[in-house]
Structures are given as C-alpha cells and as structure tokens.
Amino acid sequence: MTPKKPPPGLEAALHALRPLLLEKLRARDIPADFAQEFPALRFMQRGGAAPSALRFTAPRRIDVVGSFLLGTYTKEELTVDVAVEMPSDIFRSKDYLNFRYHDKRAAYLAELHRQLCDGLLRGPIQRISGNGCGCSLEHSKPVDVLIPKFIFLFATDPPNVVEHYDDCFAAMQSRFPESDMIVFELPGFGMSHSARASMDDLACDLTEFVKKVKCEFASESGLVLVMPCVSALFSPVLLRDLPQGTVEHLVVVQCADYAGELSWANGVNARGMLSLPILARLYNYLNAKAISANWYKATFPKRGSYLECSGCRGSRALDAEGSLEHGADEARTWFSSVAGKAFDAGARFPLAWCLQQLFYAPPRECKLVGLLREGAATIKTSTLVVWGMQDATHRGNFQRELEAPSFSRYVSGGVEESAHFPELQHPQRFATAVFDFLQESAGKESTLSHAVRIRIDQSMKFWAMAVRSEPLVALSASFEALAGDPLRPCLCLQPEDDARWTIRLLPTYSADLWPVRVLGPDRNAVRPDRALENGGVPATAHYNSCVLEDARMRQHLETLHSSLQRFTALRDGIHLLKRWAQCCGFLAAASDRAVSTPVSGFLLSMLAAHAANTAGVAPMQTSSFQLFKLTLSVLATTEWKEQKVTFGVAGAAKLSSAEAQVANAHFYDADTMPKAKTEQKAGPVGGTRPPHDTQVAVEEGMEKRKETNAKKKKDREELLEAEHFVTFVRKGGDLVQRFFCDIGINKCCAEGAVNFLSRVGPVVEELQWEAKRALRAMDSQADPFEMVFGCQATPELAWDLCLRLPQLPSTAMCPDLRTETPAGEVPASFPADMPEALATAEHLRSVLRAGLDDRCVRSALRWVGHLQPRWTERPPETGPAVLVGLILAPENLERLVDRGPSAQDAAATKFRQLWGTEKSELRRFKDGSILECVVWQKPPAERTMETRKQPAVVTQIVQHLLTRHLPSQLAPKTDIISGPTGFVPNLAEKDRRLWAAFETFRTHLCQLSSLPLAVKDIHPVDASFSYMSIQSTIAPPAPSGSDAKLRRTLLETVLEFESSGRWPSEPAPAQKVGAALLLQIREELSTDLGIEADATEGFLDVRYPETVFRLRIFHPHELQEVANKVTGLQAQTTAAPGEAELERLRTLWWRPRLRASLHAHALQKPAMAGAARLFKRWMASQMMSGYDEFCEHLVSAVFLHPAPFGAPSSPHVGFCRALWLLDTFDWQREALIIDIDGKLTEEERLGLRQSFENRLDAAQKDASLIRFWVSTRLDPHALLLATPPSTVAGWLRRRAQEALRSFHARLLGLEGSWRQVFELDTSAFDVVLQLLPPLEVGGAPAVTQNGDEGKRETLQIVSAEAADALVQGLREKLSPVCLVFHDAQQQVVALKWRPSAFLPQPQNALMGSVPHTVIPQGPGEPPLCVPNVLCILATVSAMAEGMTMGMEVKQAL
C-alpha cells in the first residue's frame, strides 16, 4: 500500500512550473463579460455589484499541496495538486457574495489556461537556470553548448549534509545545463549510517559506490569527483583501485597533503579533548549539535562575505558603522539549523572517531594511512584544487600546496572571500572555477536535467533527493470541475503521451483577503433571487465552506505534515484507511470510476490526523494499524447528526440548534460558531456593551494580536521561501517527499471554519456503519484482513433494490441557495444551500427509509458519472445521476398492510404527509384500534418473475413514494432495479403442495406392514424439495397408457432401512434384494391403499395426482466399504472407487443428505433458493447444464460463509456473489471448504485442507488434474461433486466476470435489459445442435401435422428424457476430439473441437470410437491418422436422430 514510484517526467514538469507561472505570464485586462470571453467555462454572474474588468497578473505564489507531497497517495493515476495563489488586488471587499469570487476565480484560471496553451507549454526547452526548488525555462532556437555533459559526484564536508547543497547545485546547473549533480554523505556521517569499523573498509565502500554511480548514472558521460577536506584523502586510494577512466577529473576542496591535514587536525584539537579514546566519542555523540555550531562559527569569519550563501540571501541589515554586513551571522544560523534538523532526524557526526582513525591514533594495520604517510599513492587524473583564503583552520596549507603539491597534475585556484566551504559559501565563484577548469571539453546537444543527491546506507544501496535527468514532456491542458462543481474549475496538465499522472492547478486566495467571520457557517453569502416565505435569509454553510477551502489549502497541508512528523506511523495508517474506503466503495481507486461518492482522500487524512492527535497515544510507539483503528473509532462512535467534531479537540460536542440546520455532518477545522442564546448572559435587547475602558483594552489587544500574527506569518513565509519548504527524496529506490522545515507549522488555522464533511453528509451514516463493521471484525476475528480489506464492494454485490435517477444538471454539485420546496408535504431534511445532487439523494433516501420502515435494513447512496468531469472546449451539459441502494429484510417484504399511528396521535399528520390522503386510510382492527393504514395490492402467488403489471409490494411502495416526493421531471424517469426476476416469493403454493404430497407419501410407506426390515427414513432427493429446481422432469406415462394426457412431475426419493446384518454386502445380491422389496412395496400400495405404482429392478414409481415419486432403496451395509474410502478424512492411500460405485453412493447416500441440508438453509435464508435458481439458469445459458450440485454448493458458500460481505438478502445479490466467488477464488491454490450441514469442526477442516494439498502435489505433475475443488464434510475428497472440467475452468471464470460487468452496466443504465447477463454467442462453438423443446408441466399437448397427438407427446417426452443421455453418449464417444456443451433449458448441444487432436498422430492413438482417416507415410514409416470430421458429424447426427430440429456447423477446421 506504499506509494509507487512517480512516473518519469513528473518531477521535471513540477520543477519547470514554478518559473513558468511566476515569471512568464503576461499581464492582461480581461473584459467584464467573462462568459463571452471564455466560452469554455461556466459563470454565474448573478445580480449585485456591476461586473467589472479583471486585471490578470502572475500568481502571488505557488505551492505543491496534497497527498503526493505528503506521500499518502494510493490511486493508480497520480494527481499532483499545485495551489496557485491569485493576487489579492483582483478582488473587491464584497466579492465573496453571490458567486462573484467563483466568477473571478474561473476567469483567472481561463486566462491562465489561454496563456499556457498559447505557447508556454509548447516548443523546445533549451536551458535551465536553477534556483533551488524551481527552474526557469527559456524558449529559443537551439544553440551550441561548449561544455559537454558531466556527472558531478560531490562528497559532503561534515557536519554539512545533503540539504546544504541546493545553491551549489543551482550554480553548477547554470554553468553545466546538461550535467547531473550527485551528492553523497560519507559512510558513517549524516544519514549514511555504516557499521564499518576501519578506514580501509570505508575506502572499499567508496570504491564500490563510485563504480555503481559510474555504471548507473555516468556510463555515457564523464565523471567528475568533488572531494572536500578530509574526504579528499581517500582520493589517491580511490583512483588507484578504480578501473582506469572511471573518474575523468578530480576537484579537491580545502585539502592539503597528509602532513598538512595532520597539522590541521592538531589545530582543531588544541585542548586534546578529541583524542581521548572513549570519552571523546561519547562527548562527540552527546554534543553533535554544539560541536557543529562551534565549527560553523570558526568557518564563517566576520571578514568574509557570504551573500551568495543560503540563509543570508537578501539580507540588507547595516552594521554599527552604517556599512552593509556580509551575512556571517545569518549563514551560521542557517547552516546550524539545517544540520540540527538532520541530527534530530538521526544524522551522525563522528568527528572524534574519524580524527582518531586518521591522525591521532591510527591502527597499525590501516593501509590507507600507511599509503598517505609514505606518499606511495599518486594521482594521474587531472585535478583542480580550490581553496577558501579566509579559512583560519587551514592557515598555511595553501602555500604548502603551492610549494610541494600532493597531486601530480592540478590547477590551483583560490576564492579570496571564502572560508572552509567555498563550494557552499560562494557557489557561483566555485562553479566558475570548475567551468574554467573544464572549458577545454567539447560541447554536446543540450538536454534538460536536474540534480540528483545520494546517500549511502549500511548495505550500500543508495537513495536520492530530487530526480534523475528526464526530458520535460509536452503537456496538454484541460479543465476539471473541482469536487464536481463546474463553477470551481481547476486546470489539469497531462502529458500528451497518456502517462498516468496529472498536475492540477488549483486557484486560491490569501487567507487574510476577507474577514473569516463573514464566511462563518452561520452566515449568508448568497442572496436569494426572491424573498423567502418566512422573510429570513438562511445560512449558506456549504457555499461558505467552499470559498474558505481555497484559502486554507496550504494551512491544512501544514497541519497534516505536522501530524505526519509527529506520528511516524501515520502515513501508513492513512494508506490503510484509504484502502479500507476503496474496499467499501467510498473512495475511487481510479479517477475514471463510474460510481463514486464525495468522500475524498483529504477528508480521510484529516480524520486520521485528528484521531492521532486527540487519542493521547505515544507518537513514536503507536503502529499504523492502531492509528487506523483509532480513526474508525472516531467514525463509529460519533453521533454525527447530534454532535460535531473539531480538529485537534478530543471528544465531540453537542450541536446547537443553529449548527444542526446548516449541515448534516460536522467536522470543522476550528470552532467559530456563536454560542446559543440560552448560553449568553441576559441583558437589554440587542445585547450590552462593555464599559468604555474595557472596550479600549479589548481593541488594543486585538490590534496588538493582529500585528503579532502578521509578523509571524511574514517571518514564516520568508523562512519557508528561503529554505525550500519541500524537496524530493528518493529513499529505498522509490521517490517520496520530505520536508526540510518544521518552523511555522501549526495546527489548523484557528480562524478557519471549513467543514470537512460538508459534502459527505448524505453518506456519513454508511461510513459509520462500515466503520462499526470493520471494528467488530478486527476485535472478533484472528485474521480480519478479508473482512476489512478483502475486495472492492460494488452495488451489484450488496444492494437488494436500486433506484437510478436521471442525470441532473451540470451544476448539481454546486452549493446554491434554493428557494423552491421539495415535492410532497414532507419537510426538507437538508440544508438550504446543499448541492442539488446531494440534497436530492438525501431527501429521497429519508423518504424511502420512512416509507419502507422495517422492510429496509439500511441504505446507501452513490452517484453515477464522473463527479469531477474534465473538458477542453465546452463544459458538460449534464451532471451525475443519483443512485440509491437499499438492503432489505426478506421476512417483511410481502406484508400487504402497513399500520400507522392512531388518528388522534400527533404522528398521524406526518403519516398522511408521507403517503398522501389518497393512499392513507383509517381501518378498524379486531382489537378495537383505529389506525392510519396503507394497503397494497397482493401480487399473484404463483408468479416466477415480477412484471410492471404485477409489481411486488416493495416496488409498489417505492413507485408511490417516488411519484409523491420527487419532482415531476425526475419521478417518471427513475429506474427501479430489482434484479433479473424481481421480488418473487421464495416458497410458492406449488412448493407447499409438493411437501404436503411428500408427507403423505412418507406416511404411506411408514404404514407398510409386510416389509421384513424397519424403515428408518424416506429422504427427498430432487432439487424441487429445496426450492432450487429450474426445470421439472416430466414423469413417463404408465405402461397401461391410462395417464398419457397427464403432466405430472417426477421426483427422486430414497428409502433407507435400519441397519441389518442380513443385507448382502455384494452389489449384485444387494440389488436383487432391493428389487424384491420394491415389488413388495408396490403390491401392498396397490392392494391396501389403491395407489398405482410401477416397479423396475432399480426403482419404483409411485403415482399421485400431481406428482410421481421415484423410490430407490438404500441400505448402509451395502455401501459401507465404498463410503469409508470416499468420506473418510484420512488421506487416500488406495485407488479411488470406480465410477459405478461412486454414482451409486452419490445417488443413494450423498444427494439425500445434501438435499436435507440445503432445504434447512433455504428455510432459514429466504433468498438462497432464488439465488441458486438464477445461478443454474446462468450456467445453462453458458452451455454448462448438468452441474446443478456445483451451482448449489457455490451459492451455499456465499450464504454460509459470506465474508468479506454480509449474508445476501435477495436472490440477485446471492447470484452476483456466486459469480464473484467463481471469478475471484484462487481455485488452483485453495480449496473451497463449505460447512454444508453446520457440523464441521476445526480438525475436520484441517483434514479437508490436507486432502486438497495432497491432490495439489499430484496435480503439479499433470496440470489437467487441477480443477474446481469444493469439499464438504459429506464429500471431503471432492469425489462425489461433479464440477466443470479443468479445460473450461478459465473460460467459465471469464464468462462470470463478463456477467458481473453486464450486471453492473445494467445498474448504471448502460444496458437496457438483463438479456446480456444470460446471453452467449454460439459462434464460439464449431457445431450446434438444436434439440426439440421439452414438454413443460401443465403445458398444452401439441399436435403433429398428421393430427396424431399421442405420438407427438411421446416424442417430446423422449426428447426431454434423452437429452442428458445424448450428451453423455457424445462425451463418452467424442471426448478425445471435442468438448461437449449442453443448455438443458433451451435444449441446445454444442461441440468445440480440440485443436491438438487434429494433428497427425500414430495410428493407434485415435483407434476406437472416433472415426479417423489414415495417412500413409514413406516406405518403412508407420502411417498416421487424423479424425474424420465428416464421419464424426454423421455419427453425431445418427445419435441425435429424431431429437433434433437441425444441426449447424459454425466453423470448419
């Protein structure tokens, strides 16, 4: 969940934007008619002050804000927000009223867009001049550059750290525009923590590091090594050990030979403190800051001039004599401050250890010191030595170098005014010296580049600040509606090569432009067009919060940064929170998602920061998971409708009456709402004024406070401007962002009044419910990952009933004051200026919840369409559409009468307002009560699908509420979506009659007296007994033909006898005994009860008026041995039983027990049977009939083990969950274990898992053995459940994914019917056979052309019964050459050739049932054979003779 590495080119564009926006924009007067000037944007231009021309000038400042800067972004498409502060002089004192600010903001952005598109974003970029964090771009003709591209590798001079090198890089970049700059800290110093114990080890590390830099950065460029002070002593050994030509030039700064450096080391150790073996290192460790401060004091003498140096640039203070100071104090302060922050972050400065290892007490085995003392290591690389002439610590070394140089070839240069750090104290002069030194190099073609700074860690892996050199990509500009409001656009810059990143320019204004009190939540800033009925003007809290958001962006960023700095795990906690929000459907994972909510990552970050700051936990010891739970606790425990939360304030405060009216949820950056009148002291009308002297004191205090705040703000801005508040850091190979400066970062602005939840009010209830659900999972489950972060919830996987409104206007997300009242008599439940899209959704949701009452468990809101649309020429004409989702209670759906309050109750008025007087009526009940009631029409009980003419009760309620409470332009166009079949009863009347007939049949069998064995039970087997059958089987007519015209359903049952040792164990004798018992049962039923029955050797058909029960006999003793092999939990060591034995066990033992469990679950979970029927129909539509038990198992899994969701409460949700399970489950590595009967123990679950793993080991040798593995306690080794073959598993999963996509598109209105979910393109098959249609139960008999009715009926019955036999025969005969598919509902059989089977193969390979053609080969070679397609088709036609309506060959080989 950590942020990914930003795409190349993004940092280059960010660096280039600063000078582009601050220096290249032209001033221009924009005419007053903004709409005519900029037709690409929408302007309100509402009445009030007369419109005036706008003077466009460059922005006052720009700042990178948002999650990219903080490192908390999670989206695939990276969006970088840049706040562009507009000049304050373009606004008037009252421009915050009536959208005048919005109009000027949009006009300013449109002019910015025009100038950028007119050429600033086009053309070649020739040169960069660095100035810290930004770069200025110049567009000119290509010129020749005399300096080739180099890679400059700088070593820091401790206690300096990489943060000190901004100005040095900028100066070098101006001289070497094509070159890259790299800076690293010596191992053991700064943040380059190293466990090395000797100087020789450090020298080896440096050698490997330079090799890596040469290979990664300078493989095609010359490498220039810059080594200051003591680090230069490593140069002789470094250049000796490196391959020849690795370092092209060497620049040595402030370093002499070993003797000169030894003299310098003794000079800094005048008191002998640094040479103490242990105490010196301990003192050094405890006083690193003080030592570095003293060192900067010694290396910045007063007589030097440091105005080029960071920290004193722009200093113009005068000394006592009236002359200009040289900036020594400012430079010391800045250098010490930056180094101090590095020490606080973990940087090191082991000065004592370094000096002891090199000079005071070097180990005898140190080869580096030995070579330096002997002068054995000479340098043959061209070298430049740069000296600062004012360095008192190196006094005399410069002359020593001139007289006895320690380098064989060098050019020496001195900087008169510089001291110990010439490259940092006078970077421009240092760059000039290097430029002169390298002037002889040839020029190369210019490319845009930026500095790269690197540190070394213990494992010699490197992390960089800034970025590698990347060419600036061409950008295209477009507009985006910020937060969905086209009146608040922002400018999006994207690369033209479709890279997945965007830079958004967000116009802002200065926070002190208008008094904050005029934009408080209780103030009105939008004057209505006409007077309201009560004569008052409501507060416009949403509008005011939107205006304030633009002024608070940077302050909110500072707040988040301060929290991230304090809580080290908060960044990961925010990542967890965003991932959770994506899984719940609140936060879009991609910017182009069609279904979304107003929840933003910024809101979640502020919630996480608030929870961390108010929880009272230890900042450094709290984990990211604990912070995540704390944030969820805030969401779950706050009563958002009655309480408010203020950032940084622990707990929630009760809402006042004024606050409750301005928003539906309250989370403020500060509490500025006035106290309620009841809390104020009593006084005369209009309030009391304080005494005169108190008033003067208050005014003086306020003025003094204003001056102090203004000074602090100015100081903070200047400091941040000088220290480059933000820089880029590459850490561990990934680019992240880091802040340099903590000064001036406070909590949220104490004067702010932004409500972070202003747009989230309609979904805050769902947010709270999801937070409670996640907390319960984390507290109760050992591994809550699947429940909390398992999958991304979509409407089709959760909602039982969905309402999709038509698209709203494009300004539907704009907060505007509406004076019209909502349709109906129910008062509005939303603030007056809530955006229309939010207000409509909130109003409709509240009305539906009130009308459905206990039928609705909870509700959800989404918006269809991009909430932040983009455009280039014309703004969009339409906005989002509201999507309302309802999760229903199945047990209450069919209630026909809704009782309300009594007529005398005060709630009766609200009841009549909700339903209307035409629907609400008084009724008297048996208990004597007279109540307001609503009565609904009862739909037909035997319906299998809901229709518009016969809607379900829930649909009737929703339709009535929509007509009454939605505007006339929305209600008729609202789509009510309740799944492919709608709401139909789970238990129909025919199902009740079925079970009544079965109980009668059971009673008759139990009353038989002539049986030699006691009857244990009669088990139902057919799917109709669990209400999951989609197609009834027609019972064959009696042999006598007396019931030829009757259409009776055939139902499978099993009679189980009590255990007896007299039952034979061999299969053949057992079947003979069973046949004799069947004959005995038939005889007694016929003679004693008069029930007609027909017996065969395997079963007995007992005929009742509506059904025929096919009875089979089962005795446990017969299948005991097979059952032990198949159902034992121990791993199978012997061969599996034969298919005939498995089929008998499956029919007589497994299916009856499976059906009993499914029947019990279907009664407890009303939606389960409907979901199974839908899934079976979908499988049949995909030509996969014959796997009914597989479908039932998958549906059982989503109801019995619904994690990460709740249990489905409607058939279509269960159907979609089964599709989702089929598509997303890891079938190749996991076993789907189902507790089908509720008796599975953990030990048994482990045994099921071990059985799968054993089979998985065997499947690794043969990939064809990998298949759908579904195991239960009844079938632990997955031998009894028939599953689709592995050859079609991948195809079936893709079809499930496509069905979910079609279902989702239907919810969004992209598809008009459910047909696409159940359709299949038969062109994918090679041969298609259309069988005769089956005869349905109760269907009218068809008559043949010859008028022979009975013959036609027999033909159709045979067709229905023979379809499965035909499919089975085709699979047995043709399985080597094709796959056989079957749709039992549409009676379609399809064949798909196996391409590998038609390759020529040895003759014996295809001998058998498959017709083949022999291909003779050369002399002495065996013949080959290939399948004969014509013969195969003839065989298929012969097998299906009399049962097909036609055969179509789709594709030829």
Side-chain angles (χ1 to χ4, degrees), residues 3-25 58-59 61-73 75 77-85 112-113 116 120-122 125 127-139 163 166 169-170 173 177 180-181 447-453 464-478 480 490-497 499-508 553-554 557 561 720-721 723-731 734-741:
K4 296 182 179 180
K5 178 180 178 180
L10 173 58
E11 291 80 14
L14 285 174
H15 279 271
L17 270 180
R18 184 182 183 90
L20 195 67
L21 297 177
L22 296 179
E23 302 173 8
K24 299 296 182 179
L25 297 176
R61 62 178 299 160
I62 61 171
D63 299 284
V64 179
V65 296
S67 59
F68 171 77
L69 199 57
L70 299 172
T72 59
Y73 62 91
K75 289 184 178 180
E77 181 176 345
L78 180 58
T79 301
V80 182
D81 291 335
V82 177
V84 180
E85 185 174 321
L112 179 61
H113 170 267
L116 289 177
L120 293 183
L121 293 179
R122 296 291 186 267
I125 299 174
R127 181 171 61 85
I128 279 191
S129 61
N131 57 352
C133 285
C135 305
S136 63
L137 309 181
E138 295 186 4
H139 301 261
E163 287 85 348
D166 280 348
F169 282 4
Q173 200 74 61
D180 291 342
M181 313 297 162
T447 58
L448 181 67
S449 60
H450 297 291
V452 181
R453 289 167 276 186
M465 303 181 64
V467 294
R468 285 200 62 185
S469 56
E470 295 288 348
L472 183 63
V473 296
L475 301 177
S476 61
S478 61
E480 178 181 299
C490 61
L491 190 58
C492 296
L493 305 180
Q494 282 185 305
E496 295 181 352
D497 58 356
R500 296 183 63 84
W501 58 268
T502 303
I503 299 176
R504 294 197 309 176
L505 303 183
L506 309 176
T508 64
M553 287 184 185
R554 189 168 181 269
L557 174 73
H561 167 252
L720 296 178
E721 191 74 26
E723 296 197 34
H724 316 307
F725 180 69
V726 178
T727 190
F728 299 96
V729 179
R730 183 173 302 176
K731 188 173 184 179
D734 294 330
L735 192 94
V736 296
Q737 291 71 41
R738 198 184 72 178
F739 291 80
F740 282 178
C741 180

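- A heavy-atom distance below 4.5 Å is not found between the side chains of L491 and I503.
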Practice prompt. Decide yes or no on side chain to side chain contact (heavy atoms under 4.5 Å, CB included) for T502 and V80, but give the supporting numbers first.
Written response: CA-CA 6 Å; T502 303; V80 182; over 6 Å; no
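- D81 pairs by the side-chain hydrogen bond (donor to acceptor under 3.5 Å, both in side chains) definition with R504, not counting sequence neighbours.
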Worksheet entry | Stepwise side chain to side chain contact (heavy atoms under 4.5 Å, CB included) test for L475 and E496 | CA-CA 6 Å; L475 301 177; E496 295 181 352; over 6 Å; no
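- Looking only at side-chain heavy atoms (C-beta outward), I62 and E85 stay at 4.5 Å or farther from each other.
- The side-chain heavy atoms of L78 and Y73, taken from C-beta on, include a pair separated by under 4.5 Å.
- Minimum interatomic distance between W501 and P495 (heavy atoms only, all atoms of both residues): O-CD, 3.4 Å.
- With a 4.5 Å cut-off on side-chain heavy atoms, L506 and V82 do not count as touching.
- Contact of the R554 side chain with the R61 side chain is registered, since non-hydrogen atoms from C-beta on lie closer than 4.5 Å.
- S476 and Q494 are not linked by any side-chain donor-acceptor pair at a separation below 3.5 angstrom, with hydrogens and angles left out of the test.
- Atoms NE2 and SG, from H113 and C490 in turn, are 12.0 Å apart once rounded to the nearest 0.5 Å.
- Contact check for L112 versus L25: side-chain heavy atoms found under the 4.5 Å cut-off.
- Between V84 and D63 there is no side-chain heavy-atom pair separated by less than 4.5 Å.
- Looking at heavy atoms from C-beta onward, L505 lies in side-chain contact with L493 at the 4.5 angstrom threshold.
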